[in-house]
Participant: 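Structure provided below as structure tokens; questions to follow.
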2 protein chains.
Amino acid sequence: MTTQPLPLPDNAELLRLDHQVCFSLNAAARAFGGVYRDALKDLGLTYPQYLTMLVLWEECAPQPVKALGERLRLDSGTLSPLLKRLEAAGLVVRERSAEDERSVVVRLTRAGEELRERALPVPSLIATATGLSREEAHTLRALLEKLTGNLDTAHGGR
Amino acid sequence: MTTQPLPLPDNAELLRLDHQVCFSLNAAARAFGGVYRDALKDLGLTYPQYLTMLVLWEECAPQPVKALGERLRLDSGTLSPLLKRLEAAGLVVRERSAEDERSVVVRLTRAGEELRERALPVPSLIATATGLSREEAHTLRALLEKLTGNLDTAHGGR
DNA sequence: CTCCATTTAATTGCGCACAACTGAATCGTG
DNA sequence: CACGATTCAGTTGTGCGCAATTAAATGGAG
């Protein structure tokens, strides 16, 4: 047995550790936001708008809002106004699906497709800014995906 | 040399990888938000409010808004209204510093101190929900802090 | 065919994050 | 001491994130 004068190996100690697990993650996410803000300023996109465009650039076919939401982990409460802004910027059009009148499909305009060219240099800018090696990035991503999966089931699937 | 028909080991490929580095981080941060939302509902705190209270619980002495902002990486534009809500909830009081009239110091009320007891079980709830081992959590935290540091310098210190 | 449950977007309301700006207090230099 | 630069908190405006609700379309059971 160890000679320990410490009176709290318990919750009170955790209340400090806690300050670092979740918090460093939050800080990193916001730091990422700052760098992307700089990189995307010229394109006139915000970071979430950029992520949305990424999905659209990947899947050339028009996407229902629902599918976009699943890909981005966002609900219509967030996506509807965001897509409206992209539409106002002339990058996408939204139109009711013919087969299912409930669904709204999002399609890139010519301008939206062309913007892809100007966005090509962005990822390498960001990759440089992270200063992580390929292996570190891979480790990080694996941990984060495990974490997200665990947290999701804890929260109730959703 | 390898027989590769692949025409794009370049930026176009990165545009997909990119979708995973920043994105998994964002997703994890929001997943954390969901779990904390559940855990903090009974305390009447949001996640950022909880982080603020954590700082106040750690440093018993009254904190200037500026110091809180540095600890939390938040500016007055975010903190001012947040602290107003905490004050409205009776957890803190804000008062102009006597020595420096520009500064506003934030002090816990009795209710704010007492809330700490009810918050004690939160960290272990969260730790369980993450499903990460101690080592994984440590690795993750180290990577995130390195990442944040790198991103910050890239963004311009700020 | 009718009716009810489900699916799908949109809307509302609240809070956070950040840039840009305002105004007051302080500090430093001449 | 005076005056200009700096520091500090607050305010405004925009956009994201999410819960809760609404409304329309669809699908299935009777």
Side-chain angles (χ1 to χ4, degrees), chain A residues 22-23 26-38 40-41 44-52 63-70 72-89 92 94-106 152 155-156 158, chain B residues 22-23 26-38 40-41 44-52 63-70 72-89 92 94-106 152 155-156 158:
Chain A
C22 61
F23 186 68
N26 230 307
R30 287 191 281 127
F32 245 126
V35 174
Y36 270 105
R37 219 184 317 281
D38 289 352
L40 297 173
K41 199 168 41 186
L45 292 177
T46 67
Y47 178 40
Q49 287 166 8
Y50 170 72
L51 292 176
T52 305
Q63 301 270 311
V65 172
K66 167 89 178 201
L68 278 176
E70 280 166 2
L72 296 165
R73 299 175 56 90
L74 293 173
D75 65 0
S76 65
T78 300
L79 274 180
S80 287
L82 188 152
L83 291 171
K84 245 185 211 173
R85 283 175 212 116
L86 288 181
E87 188 171 40
V92 306
R94 298 179 304 151
E95 36 203 18
R96 288 278 159 193
S97 164
E99 310 99 46
D100 188 340
E101 288 282 336
R102 292 170 301 182
S103 177
V104 167
V105 294
V106 180
D152 268 2
H155 181 241
R158 203 171 48 89
Chain B
C22 60
F23 187 68
N26 227 309
R30 287 190 283 126
F32 246 126
V35 173
Y36 270 105
R37 219 185 317 282
D38 290 351
L40 296 173
K41 200 167 39 186
L45 291 176
T46 67
Y47 178 39
Q49 286 166 8
Y50 169 73
L51 292 176
T52 305
Q63 302 268 313
V65 172
K66 167 89 178 200
L68 278 175
E70 280 166 3
L72 296 165
R73 298 174 57 91
L74 293 173
D75 67 358
S76 65
T78 302
L79 274 178
S80 287
L82 187 152
L83 292 170
K84 243 185 212 173
R85 282 172 214 118
L86 289 181
E87 188 171 40
V92 306
R94 297 179 304 152
E95 36 202 19
R96 288 278 158 191
S97 164
E99 311 100 45
D100 189 340
E101 287 282 336
R102 291 171 302 183
S103 176
V104 168
V105 295
V106 180
D152 269 2
H155 181 241
R158 200 169 52 86

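Residue numbers start from 1 in every chain, and the chains themselves are labelled A, B, ... in the order their sequence lines are given, proteins ahead of strands. Basis for what follows: all heavy atoms, side chains included, without hydrogens, waters or symmetry-related copies.
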Participant: With a 4.0 Å cutoff (strictly under), does any side-chain N or O of A:S103 reach OP1 or OP2 of C:dT7?
Facilitator: no
Participant: Go along nucleotides 20-25 of chain C 5' to 3' and tag each nucleotide: B for a protein heavy atom under 4.0 Å from its base, S when only backbone or sugar atoms are that close, - otherwise.
Facilitator: -----B
Participant: B:N26 has a side chain; which of D:dG17, D:dA9, C:dA9 sits nearest to it?
Facilitator: D:dG17
Participant: Rounded to whole Å, please give me the gap between CG in A:D152 and P in D:dC18.
Facilitator: 10 Å
Participant: For D:dG10 and B:R94 - does any side-chain N or O of the residue sit under 4.0 Å from the phosphate oxygens OP1/OP2?
Facilitator: yes
Participant: Please determine whether a side-chain nitrogen or oxygen atom of B:S80 lies at a distance below 4.0 Å from atom OP1 or OP2 of D:dT11.
Facilitator: no
Participant: Calculate, to the nearest 0.5 Å, the distance between atoms CG and CG belonging to A:L68 and A:L51 respectively.
Facilitator: 11.5 Å
Participant: State whether A:D152 and A:R73 are salt-bridged, where the test is any N-O pair (Lys NZ or Arg NE/NH1/NH2 against Asp/Glu carboxylate O) under 4.0 Å.
Facilitator: yes
Participant: Parallel, tilted or perpendicular: which fits the ring planes of B:Y36 and B:Y50, with parallel below 30° and perpendicular above 60°?
Facilitator: tilted
Participant: Name the closest nucleotide to the A:V104 side chain, picking from C:dA9, C:dA17, D:dA9.
Facilitator: C:dA9
Participant: With A:R37, which residues qualify under side-chain hydrogen bond (donor to acceptor under 3.5 Å, both in side chains), at least two apart?
Facilitator: none
Participant: Hey, does B:L79 reach any base, or is it just sugar-phosphate, or nothing, if we go heavy atoms under 4.0 Å?
Facilitator: nothing
Participant: When all nucleic acid strands are considered with a 4.0 Å heavy-atom cut-off, which category describes B:L82: base, sugar-phosphate, or nothing?
Facilitator: sugar-phosphate
Participant: For B:P81, answer base if it contacts any base atom (sugar-phosphate contacts may also be present), sugar-phosphate if it contacts only those atoms, and nothing otherwise; contact means non-hydrogen atoms under 4.0 Å.
Facilitator: nothing
Participant: What residues, two or more places apart in sequence or in another chain, satisfy side-chain hydrogen bond (donor to acceptor under 3.5 Å, both in side chains) together with B:E70?
Facilitator: none
Participant: Starting at NE2 of B:H155 and ending at C1' of C:dA19, how long is that distance when rounded to a whole Å?
Facilitator: 10 Å
Participant: Taking the nucleotide of DNA chain D with the closest heavy atom to each, which residue, A:T46 or B:R96, is nearer the 5' end?
Facilitator: B:R96
Participant: Find the distance B:Y36:OH to D:dC18:C1' and express it as a whole number of Å.
Facilitator: 18 Å
Participant: Looking at every strand, decide which applies to A:T78 at a 4.0 Å heavy-atom threshold: base, sugar-phosphate, or nothing.
Facilitator: base
Participant: Of all the nucleotides listed (D:dG10, D:dG17, C:dA9), which has the minimum atom distance to the side chain of B:R30?
Facilitator: D:dG17
Participant: Please tell me if B:K84 has a side-chain N or O lying less than 4.0 Å from either OP1 or OP2 of C:dG15.
Facilitator: no
